[in-house]
Amino acid sequence: MPATTVPDILALPRVPLPDTTVLSQRPVRSVTTAPSGVEGEGFPVRRAFAGVSTKDLDPFIHMDQMGEVDYAPGEPRGTPWHPHRGFETVTYLIDGIFEHADSNGGGGTITNGDTQWMTAGSGILHIEAPPEHLVVSGGLFHGIQLWVNLPSANKWDPPHYQGIKGRETALLASDDGGALLRVIAGEVAGHAGPGSTFTPITLVHATLNAGAELTLPWRPDFNALVYVLAGQGTAGTEARPVHTGQLALYGPGDVLSLAAARQQDSHTPNLEVLILGGRPIREPVAQYGPFVMNTEAELKQAVEDYRAGRLGVIPAEHLPHTTTGDATGDTVSGEQEEPHGRHRRSADQHRDSGPQAAGRHRGPQL
């Protein structure tokens with residue numbers, strides 16, 4: 001699991017241990033297991049948020065773990081052109097290569113440790129697929145796709161795309177050096193990640209050595225989720241067992257804790273987790289497939305706008321590669337599609353500065 005690695009973790013800034021005599025530990029409320037499914041043109045996924053209520057996930061909507069799968073030549077798959085409206089999509093790639101293009105002119109190629117952050121806003125068409133050379137050769141593919149909701153005031157903002165290279169993430173070490181933290185979005189102990197979103201969130205990929213413990217300060221106004229990408233360990237001070245494909249939902253508090261088991265299997269020597277949380281939006285959620293709005297009427301409008309071509313058109317240079325649908329994109333269905341990436345900010349710097357910036361959350365540029 002390459003993602004972003006460092007030659008000497010002990011040279012990184014350390015996250016000091018929170019003072020738990022003053023700050024309260026978050027209890028683990030539940031542990032759920034992600035069912036398996038198939039996304040896009042046929043790549044295997046785990047539905048990470050299955051069985052967790054929308055209220056507990058808020059501001060997150062949906063998350064898939066894509067792979068880990070080692071494709072044979074000719075097997076790598078992507079997604080056809082499809083629409084989104086009303087939220088932000090995040091693609092974090094751990095292993096492999098993925099290409100993105102959208103109707104707004106955004107796009108690029110991501111590989112180990114890179115992230116794509118796309119604000120669908122008022123509407124956009126996009127596609128994600130492995131490059132042709134990877135389709136020919138085959139290879140390892142592993143990543144995460146996350147949907148982050150937008151407040152109603154920002155669901156009609158213009159679409160936006162941001163590519164984040166793995167080298168731009170804030171790299172930190174735990175207090176004893178037993179864990180590597182990659183801060184993709186938000187802030188941990190004063191260290192900000194490179195992304196920028198409307199909804200205040202924190203997104204961290206952490207690698208814990210076998211037997212290591214990790215205790216992090218966590219904003220009390222955020223929810224807290226830990227998803228196990230690989231390995232096994234425990235969540236919370238109550239040491240709830242967790243393993244690959246499981247999600248731990250934490251309760252209220254100021255600090256979250258987890259630990260890696262001392263014995264890991266040979267294929268997965270470490271505990272790999274995605275730690276995420278955000279400030280709940282607390283607005284009604286209406287969802288139909290790739291559209292996340294506040295009302296059924298808005299969903300109906302989204303479908304009508306898509307069918308009328310008002311969510312954008314496929315750029316001409318990409319038309320030869322479409323396999324279904326027409327220049328307005330692929331058919332809308334009631335199933336989940338996938339996510340993308342962008343984010344950066346310091347949680348205490350969130351301000352409204354006019355209609356375009358309302359709700360935008362930014363932090364110091366890295």
Would you please classify the geometry between the Phe60 ring and the Phe49 ring as parallel, tilted or perpendicular, with 30° and 60° separating the classes? tilted
ask   = Is the backbone of Pro16 close enough, under 3.5 Å, to the side chain of Asp175 for a donor and an acceptor to pair up by distance?
value = no
Using a 3.5 Å distance criterion without hydrogens, assess whether the side chain of Glu298 forms a donor-acceptor pair with backbone atoms of Asn294. yes
Rounding to 0.5 Å, atoms CD1 (Ile144) and CE (Met63) come to a distance of 4.5 Å
Pairwise side-chain contact, Asn149 with Glu283, heavy-atom cut-off 4.5 Å (strictly under)
no
CZ of Arg262 to CG of Asn209, rounded to nearest 0.5 Å, is 12.0 Å
- Message: I want to check something: taking the side chain as every heavy atom from C-beta on, are Val292 and Val285 in contact at a cut-off of under 4.5 Å?
- Response: yes
Nearest heavy-atom approach of Pro217 to Val15 is CD-CG1, 4.0 Å
In one Ile/Leu/Val/Met/Phe/Trp/Tyr side-chain cluster, 4.5 Å: Val255, Leu181: no
request  = For Ser174 and Ala179, indicate whether the former's side chain and the latter's backbone hold a donor-acceptor pair under 3.5 Å.
outcome  = yes
Over 12 foreign heavy atoms within 6.0 Å of NZ, Lys300 | no
Open item on the list: When you group the ILVMFWY residues by side-chain heavy-atom contacts below 4.5 Å and let the links chain together, are Ile94 and Leu171 in the same group?
Closed with: no
Verify the cluster assignment for Val303 and Trp156: are they in a single hydrophobic cluster under the rule of side-chain heavy atoms below 4.5 Å apart? yes
Between Arg46 and Thr33, is any side-chain donor less than 3.5 angstrom from a side-chain acceptor?
no
| message | A quick test of your reading: do over 12 heavy atoms of other residues, nucleotides or ligands sit less than 6.0 Å from CD of Gln232? | response | yes
### Query
So, Arg29 side chain and Leu249 main chain: donor-acceptor pair closer than 3.5 Å or not?
no
Exercise. Are side-chain heavy atoms of Glu168 and Thr115 found at a separation under 4.5 Å?
Worked result: no
### Task
Could you tell me whether a side-chain N or O of Asp254 sits under 3.5 Å from a main-chain N or O of Pro220, the two making a donor and an acceptor?
no
_Hydrophobic cluster membership, with links at side-chain heavy-atom distances under 4.5 Å among I/L/V/M/F/W/Y: are Leu258 and Leu23 in one?_
no
| query | Are any non-hydrogen side-chain atoms of Lys55 and Arg282 less than 4.5 angstrom apart? | reply | no
Legend entry - N/O donor-acceptor pair under 3.5 Å between Asn270 side chain and Glu272 backbone: no
In short, Pro194 meets Thr169 closest at the heavy-atom pair CD-CA, 3.9 Å
* Look only at the side chain of Thr202 and the backbone of Leu276, and say whether a donor-acceptor pair between them is shorter than 3.5 Å. => no
Here the gap from Ser103 atom OG to Ile127 atom CD1, rounded to the nearest 0.5 Å, amounts to 12.0 Å
In this structure, NE2 of His62 is separated from CZ of Phe87 (nearest 0.5 Å) by 9.0 Å
Open item on the list: I want to check something: taking the side chain as every heavy atom from C-beta on, are Ser257 and Thr234 in contact at a cut-off of under 4.5 Å?
Closed with: no
dist Glu88:CD -> His160:NE2 (nearest 0.5 Å) comes out at 9.5 Å
request  = Given side-chain contact (heavy atoms from CB on, under 4.5 Å), test Leu12 with Val6 step by step and report yes or no.
outcome  = CA-CA 9 Å; Leu12 297 176; Val6 294; 4.0 Å; yes
- Query: Looking only at atom types and distance, does a side-chain atom of Asp114 sit under 3.5 Å from a main-chain N or O of Gly166, one as donor and one as acceptor?
  - Reply: yes
inquiry  = Between Trp147 and Ile281, is there shared hydrophobic-cluster membership here, with clusters defined by ILVMFWY side-chain heavy atoms closer than 4.5 Å?
reply    = no
For the CZ atom on Arg167, are there more than 12 heavy atoms of other groups (residues, nucleotides or ligands in this structure) within a distance under 6.0 Å? no
Query raised in the report: Are the side chains of Tyr227 and Leu146 in touch, meaning some heavy atoms are under 4.5 Å apart?
Result: no
Open item on the list: One pair to check against side-chain contact (heavy atoms from CB on, under 4.5 Å): Ile275 and Leu214. What are the steps and the verdict?
Closed with: CA-CA 11 Å; Ile275 307 171; Leu214 179 62; 4.0 Å; yes
- Item | Pair His100 and Tyr161, ring centroids less than 6.0 Å apart | yes
Scanning both residues in full, the closest heavy-atom pair of Ala173 with Ile9 reads CB-O, 3.7 Å
_Could you check whether any side-chain N or O of Arg47 sits under 3.5 Å from a backbone N or O of Ala34, counting only pairs where one atom can act as donor and the other as acceptor?_
no
Donor-acceptor pair, Glu238 side chain versus Val28 backbone, under 3.5 Å? yes
Note: Val31 and Arg240 closest approach over all heavy atoms is N-NH2, 3.7 Å
In short, Pro83 meets Pro290 closest at the heavy-atom pair O-CB, 2.8 Å
Plane angle bin for His205 and Tyr92 - parallel if under 30°, tilted between 30 and 60°, otherwise perpendicular
perpendicular
Please determine, by modelled atom types, if Gln25 and Thr237 share a side-chain donor-acceptor pair under 3.5 angstrom. no
Do Val188 and Leu172 have side chains that get closer than 4.5 Å, going by heavy atoms?
yes
Side chains of His243 and Val228 in contact at under 4.5 Å (non-hydrogen atoms)
no
*Evaluate the side-chain contact (heavy atoms from CB on, under 4.5 Å) criterion for residues Thr244 and Thr268: first the C-alpha distance (whole Å), next the side-chain angles of each, then the deciding distance (0.1 Å), finally the verdict.*
CA-CA 10 Å; Thr244 303; Thr268 309; 5.6 Å; no
**Request:** Walk me through it: do Arg85 and Asp305 pass the test side-chain contact (heavy atoms from CB on, under 4.5 Å)?
**Result:** CA-CA 10 Å; Arg85 172 180 279 179; Asp305 287 348; 3.0 Å; yes
dist Asp102:CG -> His126:NE2 (nearest 0.5 Å) comes out at 8.0 Å
Smallest heavy-atom separation, Pro252 atom then Pro27 atom, equals O-CD, 3.4 Å
